[in-house]
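Keep in mind that this is a model prediction, so the values were computed, not measured. Numbering of ligands and ligand atoms starts at 1, following listing order.
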Amino acid sequence: MSVEEAIRTRRSVRGFLQREVSDDVLRKIFAVAQWSPSNCNVQPWSPHVVSGQTLKRLREALTSAGMRDEPIKPDWPADGVFTGIYRERQVDAARTLYGAMGIERHDAVGRKMAYMRNHAFFDAPHAVFIFMSEPFDTREATDIGMYAQSVMLLLTAYGIASCAQGALGLFPDVVRDHLGVPSNLKLLFGISFGYEDPDVKANTARVGRAEINDVVQFHR
Ligand SMILES: Cc1cc2nc3c(=O)[nH]c(=O)nc-3n(C[C@H](O)[C@H](O)[C@H](O)COP(=O)(O)O)c2cc1C
């Protein structure tokens with residue numbers, strides 16, 4: 001698969017089959033993703049790949065934290081509000097996703113239940129939680145973004161679907177407790193991954209992108 005094809009075909013999948021990815025393929029993907037670039041080659045990512053019984057226990061813990069409506073305690077603030085064109089894009093993406101799922105705009109319960117699927121990893125058999133060490137901040141977070149895209153494109157190339165999820169970073173203490181991760185490692189987000197379940201309605205959603213002329217400024 002070419003890089004262009006991988007970029008164009010990767011999309012967020014929100015419903016997975018139970019079939020696990022083999023350990024060989026998992027190790028290969030994370031070995032290649034190591035070649036992502038980073039400021040001064042510090043490689044600030046600290047990914048924790050979770051499967052099997054540990055994932056099952058974490059799914060239960062995160063789902064019950066979400067259902068109890070506990071106050072979220074992310075390591076970085078998650079309260080930024082999108083305005084203007086960014087708000088329009090956000091609304092458009094939500095309309096596309098909830099539309100595919102057949103959930104009405106004012107169906108608050110339906111939306112909440114759909115949201116809670118995040119904490120269940122959309123039934124994926126694997127998730128990777130991406131931490132970075134204190135006191136890393138914005139500079140290193142850009143490296144993490146590149147690393148995450150490498151992981152998702154590699155997954156795509158191996159026929160494996162994924163969904164990056166800020167929602168998996170909302171209860172970092174729960175994740176650290178379950179994985180035995182020290183408190184100096186701060187959680188940015190998680191990525192659920194596995195083989196796509198084609199029968200899940202959410203997976204029929206396709207969001208678009210802004211036109212290049214509205215985004216990119218070419219200078220010479
Ligand atoms: C860092 C990051 C966090 C995201 N968080 C969530 C999330 O919590 N839940 C979710 O369903 N999708 C999440 N997404 C997926 C985006 O909604 C999705 O990438 C965007 O709508 C574009 O759609 P596409 O990935 O299908 O191209 C996240 C994506 C990124 C990159």
Of the backbone atoms (N, CA, C, O) and the side-chain heavy atoms from C-beta on, which set of [X] has a member under 4.0 Å from an atom of ligand 1: side chain, backbone, both, or neither?
X	value
Arg14	side chain
Arg209	side chain
Cys163	side chain
Asn118	side chain

| Minimum side-chain heavy-atom gap Asn39-Thr142 below 4.5 Å |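 Answer yes - side chains close enough.
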
| request: Could you tell me whether the side chain of Asp197 reaches within less than 4.5 Å of the side chain of Val13, counting heavy atoms only? | output: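 No, their side chains stay 4.5 Å or more apart.
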
Of all the atoms in ligand 1, which lie at a distance below 4.0 Å from a heavy atom belonging to [X]?
X	result
Phe122	11 (O)
Ser12	15 (C), 18 (C), 19 (O), 24 (P), 25 (O), 26 (O)
Arg10	24 (P), 25 (O), 27 (O)
Arg11	26 (O)

| request: May I ask you to decide if the ring planes of Phe129 and Phe121 are parallel, tilted or perpendicular, using 30° and 60° as cut-offs? | output: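 Phe129 vs Phe121 ring planes: perpendicular.
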
| Does the protein put a heavy atom less than 4.0 Å from atom 20 (C) of ligand 1? |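 No; the ligand atom in question lacks any protein heavy-atom contact below 4.0 Å.
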
| So, do Phe171 and His119 have ring centers that fall under 6.0 Å from each other? |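 Here the rings of His119 and Phe171 have centres that are less than 6.0 Å from each other.
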
| said: Tell me the protein heavy atom at minimum distance from atom 23 (O) of ligand 1, and give that distance in Å. | reply: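 Going atom by atom, the protein heavy atom closest to atom 23 (O) of ligand 1 ends up being Val207 CG2, 3.1 Å.
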
| query | How many angstroms lie between CE in Met1 and CG in Leu153, if you round to the nearest 0.5 Å? | reply |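 Reported to 0.5 Å precision, the distance equals 9.5 Å.
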
| said: Less than 4.0 Å is my threshold; does some heavy atom of Tyr115 fall inside it relative to ligand 1? | reply: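 Distance cut 4.0 Å: Tyr115 fails for ligand 1.
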
Going by distance only, is there an N or O of [X] that falls short of 3.5 Å from an N or O of ligand 1?
X	value
Ala164	yes
Gly166	yes
Ala167	yes

Note: [X]-[Y] ion pair, threshold 4.0 Å (strictly below):
X	Y	answer
Asp75	Arg176	yes
Asp177	Arg57	no
Arg19	Glu196	no
Asp92	Arg89	no

